[in-house]
Each structure stands twice: as C-alpha cells, then as structure tokens.
2 protein chains.
Amino acid sequence: MTHTRTTRLERGRSALGPALELVHTGRAPTRAVLTSELGVTRATAGAVAAELEALGLIVVDSRPTSSAGSQGRPSHRLFLDENGPVVLAGQIHADGYRVALVGLGGRIVATVSGCGTIPADPAHVLAEAVAAGSGLLERTGRRCLGAALAIPSAVAEPDGEALNPLHLAWPSGAPVRRLFRRALAEAGIPGVTTAVGFTGNDVNLAALAEHRHGAGRGARDLLCIASGHRGVGGALVLDGRLHSGSSGLALEVGHLTVNPEGAPCHCGSRGCLDVEADPLAFLGAAGRTPGPEGSLLRQATDLLREEYQDPSVRAAADLLIDRLGLGIAGLVNILNPDRIILGGLHRELLGADPERLRAVVAERSLWGRSGGVPILPCTLDHNSLVGAAELAWQPVLDDPLVVLEGEDREAGPV
Amino acid sequence: MTHTRTTRLERGRSALGPALELVHTGRAPTRAVLTSELGVTRATAGAVAAELEALGLIVVDSRPTSSAGSQGRPSHRLFLDENGPVVLAGQIHADGYRVALVGLGGRIVATVSGCGTIPADPAHVLAEAVAAGSGLLERTGRRCLGAALAIPSAVAEPDGEALNPLHLAWPSGAPVRRLFRRALAEAGIPGVTTAVGFTGNDVNLAALAEHRHGAGRGARDLLCIASGHRGVGGALVLDGRLHSGSSGLALEVGHLTVNPEGAPCHCGSRGCLDVEADPLAFLGAAGRTPGPEGSLLRQATDLLREEYQDPSVRAAADLLIDRLGLGIAGLVNILNPDRIILGGLHRELLGADPERLRAVVAERSLWGRSGGVPILPCTLDHNSLVGAAELAWQPVLDDPLVVLEGEDREAGPV
DNA sequence: TTGCTTTGTACCGGCAGTAAACAAAATACG
DNA sequence: CGTATTTTGTTTACTGCCGGTACAAAGCAA
C-alpha cells in the first residue's frame with residue numbers, strides 16, 4: 001500500500017481535544033479559565049473556542065453577563081450546545097434494556113427502556129434496543145456521532161465477547177460487540193460511521209461516568225466497586241482513562257477472598273467477594289429468601305432501608321460491610337487509589353454505616369492506616385448509560401475535527 | 001508573580017523525547033525505523049537525530065555498513081553515545097549499598113558497593129553512598145545529569161518517606177528522599193541540578209528497568225513480583241509508566257491471602273503472601289533453619305538449586321509455587337497484565353517448575369482460563385539499580401533539551 | 001471622570017513538521 | 001559490466017499552530 005503514515009490527523013489544533021474535554025467535564029466555564037487550564041495564550045484559547053463553536057459543539061454566550069463581584073472585564077460564558085449532536089448509549093441489565101441519546105456533558109436528551117425477561121438470544125435484544133434508539137433519533141431529529149453499549153459482564157478485548165454473563169442467560173463468549181455493530185449496521189443509523197459501536201462492562205462504564213460527571217470528579221486514580229444483581233464488579237480509572245487491562249478483564253474483583261470459611265464459589269475457591277457481598281448474600285445473611293417480585297438489588301435495598309432497625313438486618317449489614325471492607329482494603333493495598341466510590345448495594349451499605357466501613361478499610365490497609373482513602377457513594381443517575389456515552393464520545397473528545405467527517409458524507413459523495 | 005504560564009518547554013521539537021526513548025530502549029537502530037516508529041517523515045527523523053547528536057546523547061555512524069542482504073541503500077546506524085552523560089544511581093539493600101554511574105540504555109559505566117551492616121541512621125548511609133558516587137564521577141570525569149535511589153521499602157509520596165523498612169533497622173517514616181537530596185547537595189555534585197534526586201521502591205524500579213531493557217520489553221501492562229529478603233514486593237508498569245499509586249503505596253501485594261490457615265502476619269490477618277512465599281518461608285517449609293552465613297535469598301536459592309532432588313526441598317518448592325500462584329492469580333484477576341515477570345526467590349521458583357506455576361495461575365484466574373499470561377523470569381543484572389537510573393533519566397527522556405541547562409550554567413553565569 | 005484590572009481580538013513571526021524533488025548507496029537483472 | 005530498482009538521506013519550499021505583542025472592550029475603584 002502506498003499510504004505514507006503521517007501524523008496529520010493527530011496534530012491539527014492539538015489543543016482542541018483537551019479544550020473540549022474541559023468544557024465537557026465542566027471545568028472550563030469561560031475562555032479565561034480555558035486559557036489557564038490549557039496553559040496557552042488568550043489568543044489561542046479564543047481561537048480554539050471559536051473553532052469548537054464552528055463545529056457546533058459549544059456555544060459562546062457573549063451577552064453582558066452578571067458581573068460576579070470580581071474586578072475586570074467579565075468573561076463570556078462557554079456552554080455545551082444543547083442542540084448539538086448526541087451519541088446513542090445502551091445498557092443491558094438483568095431486567096431489560098435501556099437506550100438513551102446522550103449529549104456532551106453527560107446530558108441525557110431522551111431515553112426509552114424495555115422491560116421484561118431478556119431472551120437467551122443476544123442478537124434479538126440488541127436489535128430491539130438499537131431499533132428503539134433509532135426511533136429516538138428519528139423522533140428528535142438529532143445528529144448521531146456514535147454508539148456504545150454497557151453490559152453486565154466482563155467484556156473480553158480485543159473482540160468484545162461477553163464472558164460469563166451470568167444474569168443474562170446468554171452463552172459465555174457471546175460476540176456482543178460484533179452483534180451490536182451488526183445491529184447498528186442493519187438499522188442504518190445515519191452518522192454512526194466514525195465510531196462503530198463500542199461495548200464495555202457496566203461497572204467500568206459507571207466508573208468512567210462518575211469520574212467525569214459525578215462523585216469521581218477530580219480524582220486521579222479512581223476505584224469503583226458495585227454490586228447490582230449477582231456478584232461484585234470493580235473498575236479503575238487511571239489518569240482519566242479506564243484501565244480495563246490487556247484483555248479487558250481487569251478489576252474482576254469478585255474473587256478476592258474475604259471470608260476464608262465462607263461459601264464455595266464457582267471459581268473453585270471459597271468465601272469470594274462475589275458470593276459474600278452481593279444482594280443475595282445480604283438477603284441470606286438477614287435470613288430472608290429472595291422473592292419473585294423485583295430485582296435482587298431492589299429487594300436488598302428495600303430491606304436495608306426499611307428494616308434497618310431489625311437486629312437481624314442490622315447484623316447482616318454489619319457483616320457485609322466487614323466483608324466488603326476487607327475486599328476494599330485488599331484493593332487499596334494493590335491499587336492505592338485516591339478515591340473510592342461505591343455503587344449498587346455497596347452504596348446502600350456505605351449509607352447505612354459509613355464509619356464502620358471506613359474503619360475496616362483503614363484497619364486492614366497500609367495506606368488506610370497512614371491517612372485513609374475517601375470512600376463515597378455514586379451520585380449519577382444511570383451512570384452505566386452515561387458511561388457508555390462517554391465511550392462513544394471519546395473519539396470526538398480526542399479530536400473534535402472528526403465531527404466534520406460525517407458532514408462531508410452528508411454534503412455529497414463524490 | 002508575573003510568570004505567564006506558557007507551554008514553551010513542552011513543545012520545542014516534540015518528537016525529540018519519543019525519539020530518544022526509542023533509541024534508549026533499543027527500538028530505533030536506524031533513522032529509517034525511527035521514521036516509521038515516530039510516524040514522521042524522513043526529513044523530520046533526520047533533523048531529530050541530528051539534534052540528539054548535537055546534544056551529545058547519540059552518535060550517528062555513517063560509515064558504509066555491512067549490507068544485511070536487504071535491498072536499497074543501507075541505513076546509517078544510531079548508537080547511544082558511550083561517552084555521553086550519566087546519572088548517579090544508588091541502591092540500599094539488606095547487606096549494604098551499591099552505587100553506579102549509568103548511561104542511556106541502562107548501561108552501567110562504573111560501579112562501587114559497600115558491604116556490611118547498614119547502620120540505623122539512614123543519613124549516614126546515604127552520605128556514604130553519595131560520597132562513593134561522587135568519587136566515581138571524579139574518577140571517570142563524566143558529566144552527571146541526575147541521581148536516584150532505590151530502597152527496599154514502600155516509598156510514600158509525595159515526600160518520599162520510607163514506610164516499614166523492615167530489613168534496614170531504619171525508623172518507619174524516615175524521610176529518605178529529603179536525606180538523599182541533602183546528601184547530594186552537601187556533596188556538591190556538579191550538574192545534579194535539573195533532577196534533584198529521586199527515590200523509589202526497589203521492586204518498582206526493577207520493574208521499570210525490566211520493562212525498558214529486560215524481560216518486560218514490549219509489554220504494555222507489566223506486573224512484577226519479587227522477593228529478595230523478607231516479604232514480597234510487587235510493581236506495575238502501565239503504558240511505560242510506573243504505577244505507584246496516589247501516595248506511592250500501590251502494589252503492596254504482600255497481604256494477599258494465599259493460605260487461609262497460614263501463619264499470622266503483622267498486618268493482623270493470617271496466611272499473607274508476605275509470610276507464606278518469601279525466602280524465610282521457603283527455608284521453613286523445607287525444614288531448615290536460616291544460618292548466619294549469607295542473605296536469606298542466597299540461602300534459599302542455594303538450597304533450591306543444589307538440593308532440589310531432596311524430597312523435602314522439592315515439596316517446599318511446590319508448596320511455595322502453589323501459594324505464589326494463588327497470589328498471582330488474584331493479581332491477574334484485578335490487573336489483567338499482559339506479562340508477568342518474577343524476581344528474587346520467585347524467579348528461582350519459576351525456574352524450578354515453570355509448568356506448575358503456570359497451571360496454578362491458569363486454574364485460578366479468569367483470564368488464565370481463557371488464554372493465559374506469559375510468566376517470565378527477570379533477566380537484567382542489578383535491575384533495581386538500572387531502574388533507579390531510569391528514574392533519573394526520565395526528565396531527559398521527556399525533554400532532551402534539558403541537557404542544555406547544565407551547559408548554560410557551566411558556560412558562564414550572568 | 002480617570003485609572004486599574006481582566007478579558008477578548010488582530011496581527012506578526014518563529015518553527016516544527018509535511019511534501020516533494022533530488023542525491024546517494026546498495027541490490028537485481030539484463 | 002551497466003542499467004533499473006529500491007531504500008535511505010538531504011535539501012528546499014510551504015503550511016499551520018501557537019507565542020508574543022499591541023490594542024480594544026468592559027467592568028470595578030477612587
């Protein structure tokens with residue numbers, strides 16, 4: 001091939017991507033702070049902002065602003081364009097699927113969800129979800145720049161197979177990414193050309209979303225632990241990037257030993273976090289049997305919130321907090337994050353007795369003893385969905401000029 | 001302050017750093033591959049190489065090369081300048097210290113070591129080591145661009161205190177980095193101005209060295225486990241950069257549980273890797289009592305190598321391999337590295353029965369079951385020392401123009 | 001009103017790096 | 001043996017990002 005590999009695309013206005021990311025994460029409300037955050041001159045920041053505006057991604061409000069008491073000429077404000085392009089984000093969970101159009105800044109523009117039992121055939125669900133998303137796009141008339149999907153199982157890289165999707169009745173190794181991309185192609189969504197459909201683990205994506213727009217903002221190394229239905233998931237964001245390991249299987253934290261005399265786990269060991277600190281374990285520890293109504297998470301959460309006075313419930317909560325703390329302490333010794341956020345049942349456990357959890361972690365971790373890690377609850381609604389959107393937005397954040405590609409195509413093929 | 005924050009220094013020939021790193025790690029033997037590796041034009045690669053040569057870091061050999069059978073005009077060869085500047089690297093270990101001058105490419109130019117019991121006062125040892133290094137510099141007449149130190153304990157960031165330096169009889173929390181810098185300042189080493197003396201954990205630095213020059217070359221996510229004297233150390237290199245956590249305490253892998261019924265550990269738990277898979281544990285498992293002669297590692301290594309036929313030794317090795325494998329499997333589930341390298345006793349254990357270790361890891365890790373991680377022995381001599389040198393070289397690799405700063409100063413102060 | 005401070009813009013210049021043409025040094029093939 | 005081909009290195013414009021500076025704008029303070 002005669003393609004001489006150049007760096008052309010990687011260069012072009014190199015400050016453009018970082019600038020968009022700053023506005024996207026709410027860290028650049030004005031051109032002035034854009035100037036200082038980027039470390040460029042005012043001239044450059046102005047040019048960059050103008051270019052982002054020309055791309056239809058941000059809006060500069062140059063009306064006389066209410067002076068905020070500070071001296072000097074007031075800044076013009078930078079906003080993300082509320083009518084700008086969106087990405088298609090989907091999430092598959094134990095009870096159904098949810099699809100949303102998400103703009104920059106993690107703003108959910110429109111959403112639709114399908115409930116009911118997920119059939120054993122992933123292709124069918126994906127087609128249904130993509131069709132729903134396509135419908136949203138038609139209804140809203142938004143331009144779509146990409147698509148991504150969050151699923152509740154490990155996603156093996158580089159091909160994106162779902163590994164052990166236990167609560168979906170899908171076969172392990174199902175080529176979810178390929179099926180998703182095929183569904184996108186068959187739906188023929190205009191504009192979904194630059195980004196061909198990403199897929200990721202739901203907890204990973206939740207962590208990404210929380211890092212950019214939620215409880216993880218500003219953290220450099222963010223650890224996220226969550227339990228939604230069965231088992232425990234983990235995720236790690238390093239320097240703003242998801243660490244999913246060389247084959248996408250990092251942070252499979254479910255098999256940390258937290259109870260040497262505990263229940264046997266399907267991994268062959270016993271007392272794994274997976275079987276000792278998920279909703280089912282909590283219900284069991286409280287002496288309840290899971291009912292047919294509502295998800296395990298819902299049942300566990302309701303029990304925790306409504307019957308915390310009940311000594312058996314309280315004891316079960318304490319037990320799970322201790323186990324979770326042990327697992328977190330192990331992770332802290334290995335990863336030494338500067339913040340930890342908890343989702344799902346673990347978020348509720350943290351809410352029930354924050355001090356107990358922090359004490360366990362501090363006692364059992366080297367760093368805990370010498371200071372301690374902030375442990376916070378997740379704050380974002382639909383964080384997996386927003387995280388999927390982050391995945392889909394990433395190419396644009398890396399180089400905002402890619403939005404031009406679709407326009408070229410629309411303008412007229414040669 | 002009127003210092004308007006510019007990006008000046010970050011720009012200036014942005015391909016210079018990556019180019020030097022390529023030559024430094026042996027991945028750019030000619031300008032031609034430099035061209036393709038950097039993704040720039042031949043013109044740029046040529047200019048960059050010329051500039052690195054002008055800086056006195058590399059040498060271009062333009063003599064007629066022995067044609068290697070390939071077609072076309074033969075490339076000129078790129079070499080690191082063997083007479084170029086060096087950095088001062090030091091290592092403190094249980095039996096003494098070692099100091100070396102290290103050039104680019106991890107080449108040890110000169111070395112000196114001091115044996116004997118390390119006194120309880122860190123400042124004294126550091127002064128002695130720095131004096132030895134200063135002597136080396138005077139003897140060789142080399143220009144020195146920086147200094148760094150490897151110590152066998154966790155190094156707390158951002159200030160560089162030694163945490164729990166168990167085998168050094170130093171107080172925990174000793175401000176090693178500050179003491180090291182003070183020793184450097186008092187020794188008045190000319191040139192050590194740009195880099196003010198780094199400090200790091202020895203296993204971390206060994207991993208860094210192996211990643212750049214040894215068994216870890218080419219790995220993206222490299223996990224290193226090693227046991228030298230007491231306890232077990234770990235390190236992780238991500239995308240070519242050491243991951244030492246937000247406060248420098250990452251990869252404290254010693255407290256992974258690998259034997260629920262095991263010996264109590266000072267961390268409060270029992271059966272930790274620290275007490276179940278270090279040289280002392282091996283000697284104990286083989287029914288030997290450590291003697292006064294030689295380090296624990298040496299005794300364990302000798303036993304393993306010379307008496308492997310002895311059933312009790314063999315059984316002890318198998319036991320430690322199983323425990324180590326369990327620990328590694330846990331780490332693989334969490335970090336999903338694409339390569340693992342083992343040092344110290346663990347390197348010997350791997351050599352004794354590679355298949356057993358790989359089988360345990362494969363059986364107990366999610367990723368292991370679906371493919372497996374390469375597990376290799378460390379290959380570099382004095383890898384901690386070379387790793388310390390990497391730390392000291394880093395500013396130059398980031399921006400080779402910093403070597404001019406010292407020259408300016410030497411040329412003549414205003 | 002006159003400063004002072006901060007923000008935004010216009011214009012110039014430096015310079016890294018592309019592109020293209022040319023030169024050099026080897027092999028391949030008649 | 002000589003010419004074509006291939007690969008590498010170099011020279012010469014030329015493009016475009018961005019720094020620097022000067023100037024204008026828009027608010028406070030006195």
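The sequence lines fix the lettering, A, B, ..., with proteins before strands; numbering per chain opens at 1.
Put simply, CZ on R42(A) is 11 Å from C1' on dT5(C), counting in whole angstrom units. Rounded to whole angstrom, the span from the CD atom of Q71(B) across to the P atom of dT6(D) amounts to 7 Å. Rounded to an integer number of Å, the gap from CG of D399(A) to P of dC17(D) is 12 Å. Atom P of nucleotide dG16(D) and atom CG of L16(A) are separated by 15 Å, given to the nearest angstrom. Rounded to a whole Å, the CG atom of L78(B) is 12 Å from the C1' atom of dG9(D). We find that CZ of R73(B) is positioned 8 Å from C1' of dA23(C), with the value rounded to whole Å. Taking atom CZ on R77(A) and atom P on dG8(C), their separation rounds to 11 Å, with Å as the unit. If you measure from atom CG of L38(A) to atom C1' of dG19(D), you get 14 Å, rounded to the nearest angstrom.
Between R27(B) and E37(B) there is no salt bridge, since no side-chain N of the basic residue sits under 4.0 Å from a carboxylate O of the acidic one.
A donor-acceptor pair is defined here as one N or O able to donate and one able to accept, closer than 3.5 Å; such a pair exists between the side chain of D338(A) and the backbone of R220(A). Of the possible donor and acceptor atoms, none in the side chain of H243(B) sits under 3.5 Å from a partner among the backbone N and O of V237(B).
Comparing T30(A) and E51(B) against DNA chain C, the residue whose closest nucleotide sits nearer the 5' end is T30(A). With the nearest nucleotide of DNA chain C identified for both A43(A) and A32(A), A32(A) has the one nearer the 5' end. The residue among G72(A) and T35(B) whose nearest nucleotide of DNA chain D is located toward the 5' end is T35(B).
Residue contacts for A45(A): at a heavy-atom cut-off of 4.0 Å it reaches no nucleic acid atom on any strand shown.
Side-chain contact between L34(B) and V40(B) is absent, with no heavy-atom pair separated by less than 4.5 Å.
Proximity of S14(B) to the phosphate of dG17(C): a side-chain N or O atom is located under 4.0 Å from OP1 or OP2. For T44(B), no side-chain nitrogen or oxygen approaches OP1 or OP2 of dG17(C) to under 4.0 Å. Distances shown here put every side-chain N or O of T41(A) at or beyond 4.0 Å from the OP1 or OP2 atom of dG20(D).
In this structure, the nucleotide among dA26(D), dG20(D), dG8(C) sitting nearest to the side chain of P74(A) is dA26(D).
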Note to self: Could you go through L55(A) and L401(A), starting from their C-alpha distance and side-chain angles, then the distance that decides it, and tell me whether this counts as side chain to side chain contact (heavy atoms under 4.5 Å, CB included)?
What the structure shows: CA-CA 8 Å; L55(A) 290 172; L401(A) 292 178; 4.2 Å; yes
